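As structure tokens, the structure follows; a few thoughts come after it.
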Amino acid sequence: MDRETALQNYKEEISEKISAFRSRMGDHVLKHAEDLEALVEKAMKLLGDQMAKQEKEYVCFMYFSLLKTDLINRNYRVLLHGLDISWYMDNEPAEVYVDVKELFMPFDELWNCLAAANQGYGGSVNDYDIRNLLFDELTIIDNMICQILRYRLRDWERKGIFDSVTRSPYWILRWGEYRDQSEILVQTDRVEKAPGVWKAELLKTGRKPENMVFSYWYKGTYENRTIKDMDMRFITFEGSTIQNVVFQNCNLEGSRFPGSRLVGCSFEGCNLWGADFRECAFEQTSLAGAELSAAVFPAESVPFLNISAEQLQVIRLDREEES
């Protein structure tokens with residue numbers, strides 16, 4: 001049997017095992033959601049200690065990465081890489097490692113399973129092929145982790161998760177491949193922007209549809225706009241006033257409005273799955289026809305928002321005594 005045929009037969013043989021692993025890994029990561037949050041907090045404490053040793057003033061960019069060189073040796077740990085404003089030109093980045101062996105138990109089991117399935121191919125399928133198949137699963141695992149941590153880390157300030165690390169007013173935390181594709185977990189930009197920046201950034205979505213995704217708007221006034229069919233996932237308005245803004249069929253999944261006022265706004269047909277409206281004040285704001293699953297509202301505001309019976313069944317209420 002030639003190598004190409006052997007590899008194709010092998011992939012067909014293990015396809016069901018790969019599918020079963022993805023389902024099992026998804027359940028495993030979800031079960032360990034709290035442990036993932038604890039992992040981030042532990043890593044931040046270690047990073048803070050390392051920064052103190054290096055006398056590093058602050059970090060601006062922080063990356064969690066699973067290194068393939070580690071995985072080849074089945075050394076299951078993540079690297080947290082902290083850099084200043086010069087990014088990858090930082091001459092003295094701070095680096096720490098955190099063990100994730102328990103989190104990667106299903107991955108390790110899959111490795112054993114793929115190695116066992118390789119018997120009988122007479123060397124036509126080798127360890128290199130198996131590693132490549134396993135590395136293909138890393139992107140899926142990274143995505144699973146990101147989906148969970150984006151929501152687990154929303155309360156980072158109240159929980160003090162990043163208190164051990166000195167950060168610049170603008171900072172970002174990402175998870176993904178080392179110096180390659182990664183996804184945003186948290187982004188904070190506590191710098192007030194000039195009045196025209198909001199309109200300019202909205203206009204850019206014509207050629208960059210993702211421009212407003214994860215964007216951060218701090219202590220500004222945003223008013224008198226109609227925004228249609230825009231991707232605004234995980235956008236944040238902090239300490240801001242949003243007045244007479246009509247959002248139509250926009251994707252606002254995971255958006256946050258800490259300390260903001262919404263006056264005369266509408267979210268007709270918008271996706272507000274997991275949106276965080278805690279510490280938010282409303283005046284004459286309509287949520288008619290919006291998807292509100294897992295969205296969080298101040299309990300005292302709900303009676304005045306004309307939320308439908310169906311929407312009430314899927315939202316979460318935040319009470320002051322729970323904060």
Side-chain angles (χ1 to χ4, degrees), residues 30 33-34 37 147-161 185-190 192 198 202 212-323:
L30 189 60
E34 189 173 337
E37 181 183 318
Q147 292 298 324
I148 290 172
L149 281 179
R150 284 195 185 106
Y151 289 96
R152 293 293 307 191
L153 298 178
R154 292 163 74 85
D155 294 336
W156 62 266
E157 197 155 23
R158 180 172 61 84
K159 295 176 180 178
I161 292 173
L185 300 181
V186 180
Q187 179 169 278
T188 299
D189 185 7
R190 286 177 172 156
E192 296 185 45
W198 164 252
L202 286 174
M212 299 302 286
V213 177
F214 269 107
S215 61
Y216 205 101
W217 303 94
Y218 182 66
K219 289 187 176 181
T221 298
Y222 311 101
E223 56 187 352
N224 304 325
R225 301 284 297 183
T226 296
I227 303 172
K228 297 181 180 180
D229 305 314
M230 190 172 291
D231 189 353
M232 306 177 85
R233 287 169 294 154
F234 300 100
I235 192 172
T236 297
F237 295 92
E238 181 178 357
S240 298
T241 298
I242 308 164
Q243 187 166 346
N244 299 327
V245 176
V246 176
F247 298 92
Q248 291 183 358
N249 301 315
C250 294
N251 188 353
L252 287 147
E253 176 191 347
S255 52
R256 298 175 60 243
F257 300 81
S260 291
R261 291 177 62 243
L262 279 76
V263 182
C265 295
S266 171
F267 292 89
E268 182 180 352
C270 291
N271 176 16
L272 286 162
W273 198 101
D276 191 345
F277 290 99
R278 285 176 293 184
E279 304 174 22
C280 186
F282 300 90
E283 297 178 30
Q284 299 178 321
T285 291
S286 172
L287 295 158
E291 170 58 65
L292 298 181
S293 296
V296 188
F297 292 87
E300 64 274 12
S301 297
V302 169
F304 308 100
L305 291 175
N306 297 318
I307 293 177
S308 70
E310 292 79 9
Q311 290 172 321
L312 281 170
Q313 294 178 26
V314 297
I315 67 171
R316 292 173 51 200
L317 301 180
D318 180 69
R319 294 179 173 84
E320 290 186 4
E321 62 268 21
E322 296 175 349
S323 299

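Please read all numbers here as calculations on a predicted model, not as lab measurements.
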Got a second to check how far [X]'s [atom1] is from [Y]'s [atom2], nearest 0.5 Å?
X    : Y    : atom1 : atom2 : result
R256 : E238 : CZ    : CD    : 7.0 Å
F247 : R225 : CZ    : CZ    : 11.0 Å
E279 : S301 : CD    : OG    : 11.5 Å
C265 : I227 : SG    : CD1   : 9.5 Å
N249 : F267 : CG    : CZ    : 13.0 Å
L317 : F297 : CG    : CZ    : 9.5 Å

Can you name the closest pair of heavy atoms from [X] and [Y] and give their distance?
X    : Y    : value
M212 : L202 : CE-CD2, 3.9 Å
R150 : F234 : CD-CZ, 3.5 Å
L252 : A275 : O-CB, 4.4 Å
L185 : F214 : O-CE2, 4.2 Å
L262 : T285 : O-OG1, 3.1 Å
D276 : R154 : CB-NH2, 2.7 Å

Task: Aromatic plane relationship, F237 with F257 - under 30° parallel, 30 to 60° tilted, over 60° perpendicular - done: parallel
For the backbone of [Y] and the side chain of [X], can you confirm whether one donor and one acceptor N or O come within less than 3.5 Å of each other?
X    : Y    : result
S240 : G220 : yes
Q187 : D189 : no
Q311 : A290 : yes

Task: Heavy-atom neighbours of Q284 CD exceed 12 at 6.0 Å - done: no
TODO: Using the side-chain contact (heavy atoms from CB on, under 4.5 Å) rule, take R152 and E34 through it: C-alpha gap first, then chi angles, then the decisive distance, then the call.
DONE: CA-CA 8 Å; R152 293 293 307 191; E34 189 173 337; 3.8 Å; yes
TODO: Starting from the C-alpha separation in whole Å, work towards a yes-or-no answer on side-chain contact (heavy atoms from CB on, under 4.5 Å) for W217 and W198.
DONE: CA-CA 8 Å; W217 303 94; W198 164 252; 3.7 Å; yes
- [ ] Determine, step by step, whether S286 and N306 satisfy the side-chain contact (heavy atoms from CB on, under 4.5 Å) criterion, reporting the C-alpha distance in whole Å, the side-chain angles of both residues, the deciding distance to 0.1 Å, and the verdict.
- [x] CA-CA 7 Å; S286 172; N306 297 318; over 6 Å; no
Open item on the list: Using the rule given for side-chain contact (heavy atoms from CB on, under 4.5 Å), can you reason through R190 versus Y216, listing the C-alpha separation, both sets of side-chain angles and the distance that settles it, and then say yes or no?
Closed with: CA-CA 8 Å; R190 286 177 172 156; Y216 205 101; 4.0 Å; yes
Task: Salt-bridge contact R316-D318 (side-chain N to carboxylate O under 4.0 Å) - done: no
